[in-house]
There are 2 protein chains.
Amino acid sequence: MKTDTLFKRAFNDALLLTSRLRDGDPIPSETTLAAELGVSRTTVRKILQTLTEQGVVAGAGRSRFARASAGEVQPFPEAETVPTSVQVEKQFMEWMLRGDAKAGALINELDLARQFKVATTVIREFLNSFQRFGLIERRPSGGWVLQGFTHSFALELFEIREMFELRSAREFSSLPGTSPLWHELRRLRQEHIELLSEIETRFQDFSDLDSRFHRLVNTAVPNRFIDGFFDIITLIFHYHYQWNKKDERERNEVAIREHLAYIDALLSRSRSAVATACRRHLASARQTLIRSTSDTGSVA
Amino acid sequence: MKTDTLFKRAFNDALLLTSRLRDGDPIPSETTLAAELGVSRTTVRKILQTLTEQGVVAGAGRSRFARASAGEVQPFPEAETVPTSVQVEKQFMEWMLRGDAKAGALINELDLARQFKVATTVIREFLNSFQRFGLIERRPSGGWVLQGFTHSFALELFEIREMFELRSAREFSSLPGTSPLWHELRRLRQEHIELLSEIETRFQDFSDLDSRFHRLVNTAVPNRFIDGFFDIITLIFHYHYQWNKKDERERNEVAIREHLAYIDALLSRSRSAVATACRRHLASARQTLIRSTSDTGSVA
DNA sequence: CTCGTGTTTCTTATGTACAAAAAACTTCTA
DNA sequence: TAGAAGTTTTTTGTACATAAGAAACACGAG
């Protein structure tokens, strides 16, 4: 049976919306709600029905209104609002990075399915779409081999990353002055400065900023293959940030300063300055990543 | 139910093997056969059993021997020996390139399943693994959008291809003189010359040679992401060669000459010469490909 | 006529079943 | 006792069923 994580997430979102209404306020139309919650009307109607059963919403058809008098309505637990695909990915990355599996090991679908408490179909679909990240490989005879988050994986990743990023940075610095991306860049620069000034407390916000910055650089002249590769970078860094907490504040502070130098180089539109700043930043990012790989596939 | 295309292909291969034996010759051991046919012993036993039923093989257990006296045994039809995944890929590429579907169109799994005469599971699995080629894209809400073999697809493809190939060519020309790859390269050079001399009749053999040559260049310093990208190139060219027969002989002749110049540049180990020859070849390959794209997704 | 809800139809996601093929284990024989 | 065949156990590929969610259609009120 298809999971209803979508409904549950949307329901929780809807609860937040209604909590802002006062008693007797009219409920927006189904179409409006659908747009606001980012789901279809079918799901909205299910939410409305549930909300009515719980007494948060009264009325029917075209005349529905909020009922603030109703007691506390429990939202669905956070865990039940996460799409299966995301849960599986998370569990898989954890399984791999925690060192439960060594590079070269065979992946057993049924095993994983049991371990992750999902049907084999889900694992199979996951492995298929996860293949593109280069961490696993299909065997000709069927089945999968774990490649793992190894030293060579990180090296190969960064070789491509440098190629792509240098290309995009070059394109970016050649953008006409009228391009709206310059404004975006200045705004990001400002965000970097702000983050730097509050680095002691907000250093964990860097992960997101990092991703947005590099994504912006790649927007100059889009290329679907570069975009696709970027997804790999994003995935790796996402989990890397979660698991490697060592010297996190220091690392992020260094990276922010490198970003600023890189941004200034872009703004100066000097090709050589851009290349230098870009290379410097990537070299240090690579160092960081490589330190947390190992050839047994586990986080050192 | 799982298909038995593997069995059928192996059975046909086994028929060929036994046809070379004379009456009364002993049949190799199951393990040997398994290795020769590239399948498991389980499949070999099934083949042996069938072969015995048909009278081509007599005896049992450790004493089996060929029976040339048996009448003609019909091999399974070619079509039944092709793995489902390959069939689906072929049909899908045809569907897309023939222009049955326009770029931006939604892909309907059930529809395709009916059209290709397979279960929806197969289509779903195919789409999932096919995503990496960049010709289709998953919608956030589920379902797939056809991106199609468009002009911009070809341009983006070649932008990356040039980056990768230049990088690999550079690495190749820096290989130590002792590397066995130089010998491989010289052998390929010879093959090119031979093909050129018989171009009138053998021009269709170029497709394979092309792929082998570029793959060799990329072998210098392997990178899994470049290898993965190469699969895309291979897929595109495979189908391109099949469908675009216009000026095929001329195009291939030009390409062979370009390859030879490129190979000679590599052998000369001059960086600038390599870059020039490589760029020239890629530029003409791009031209060829772009001419057969169109923004409606069909072959012009 | 337009926007909104009620209703129906289509499509996709996920669980389950079962045969093909691989792999592991056991037994036999030269 | 090593290698070969026999047997059993695992694992994967494919089909099919069903519920969630999206989309299309229908109808009514203002």
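Heavy-atom basis, side chains included; hydrogens, waters and symmetry copies ignored.
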Q: Roughly, in whole Å, what's the span from CZ in Phe116(B) to P in dA15(D)?
A: 14 Å

Q: Round to a whole Å and report the spacing from CZ of Phe11(A) to C1' of dA20(D).
A: 17 Å

Q: Does Thr52(A) use its side chain to pair, donor to acceptor, with the backbone of Leu48(A) at less than 3.5 Å?
A: yes

Q: Between Leu110(B) (CG) and dA23(D) (P), how many Å, whole number?
A: 17 Å

Q: Need to verify one output field. Residue with the more 5' nearest nucleotide on DNA chain D, Asp4(A) or Arg138(A)?
A: Arg138(A)

Q: Please pick, from dA22(D), dA20(C), dT16(C), the nucleotide with the shortest atom-to-atom distance to any side-chain atom of Val39(A).
A: dA22(D)

Q: Starting at the 5' end of DNA chain D, which residue's closest nucleotide do you reach first, Thr31(B) or Asp111(A)?
A: Thr31(B)

Q: Does a nitrogen or oxygen in the side chain of Lys46(B) sit under 4.0 Å from OP1 or OP2 of dA21(C)?
A: yes

Q: Check this for me: does any side-chain nitrogen of one of Arg132(A) and Asp231(A) sit under 4.0 Å from a carboxylate oxygen of the other?
A: yes

Q: Under 4.0 Å between a side-chain N or O of Ser40(A) and OP1 or OP2 of dA22(D)?
A: yes

Q: Using a 4.0 Å heavy-atom cut-off, does Ile107(A) contact any base of the nucleic acid, only the sugar-phosphate backbone, or nothing at all?
A: sugar-phosphate

Q: Taking the nucleotide of DNA chain C with the closest heavy atom to each, which residue, Val118(A) or Glu109(B), is nearer the 5' end?
A: Glu109(B)

Q: Answer with yes or no whether Ser29(A) presents, from its side chain, a donor or acceptor under 3.5 Å of a partner atom in the base of dG4(C).
A: no

Q: Do Arg64(A) side-chain and dG4(C) base share a donor-acceptor contact under 3.5 Å?
A: no

Q: Evaluate the criterion side chain to side chain donor-acceptor pair (under 3.5 Å) for residue pair His214(A) and Asp210(A); output intermediate values, then yes/no.
A: CA-CA 6 Å; His214(A) 289 291; Asp210(A) 186 49; 3.2 Å; yes

Q: Rounding to an integer number of Å, can you tell me how far Arg9(B) CZ sits from dA21(C) P?
A: 10 Å

Q: Measure from CZ on Phe7(A) to P on dT12(C) and round the result to the nearest Å.
A: 23 Å

Q: For residues Ala66(B) and Leu21(B), report the shortest heavy-atom separation together with the two atoms involved.
A: CB-CB, 3.9 Å

Q: For the base of dG6(D), is there a side-chain donor-acceptor partner from Arg41(B) under 3.5 Å away?
A: yes

Q: Report the distance from atom CZ of Arg139(A) to atom P of dT12(D), rounded to the nearest whole Å.
A: 8 Å

Q: Is Arg45(B) near enough to dG6(D) that one of its side-chain N or O atoms lies under 4.0 angstrom from OP1 or OP2?
A: yes

Q: If we ignore hydrogens and angles and just use 3.5 Å, is the side chain of Thr50(A) paired with the main-chain N or O of Lys46(A) as donor and acceptor?
A: yes

Q: Send over the distance from Asn108(B) CG to dT9(C) P, rounded to a whole Å.
A: 17 Å

Q: So Ser141(B), base contact, sugar-phosphate only, or nothing? Heavy-atom distance under 4.0 Å.
A: nothing

Q: What contact category does Leu106(A) fall into here, base, sugar-phosphate, or nothing, at under 4.0 angstrom with non-hydrogen atoms?
A: nothing

Q: With respect to the phosphate group of dC16(D), does any side-chain polar atom (N or O) of Thr121(B) fall under 4.0 Å of OP1 or OP2?
A: no

Q: Closest-nucleotide mapping onto DNA chain C: is Arg62(A) or Thr42(A) further toward the 5' terminus? I mean the 5' end.
A: Arg62(A)

Q: Is a side-chain N or O of Gln147(A) found less than 3.5 angstrom from the main chain of Gly134(A), in a donor-acceptor match?
A: no

Q: Nearest whole Å is fine: how far is dG6(C) P from Leu48(A) CG?
A: 9 Å

Q: Using the side-chain heavy atoms of Lys2(B), tell me which of these nucleotides is nearest: dT5(C), dA21(C), dA15(D).
A: dA21(C)

Q: Using OP1 and OP2 only, check whether a side-chain N or O of Thr3(B) sits under 4.0 Å from dG13(D).
A: no

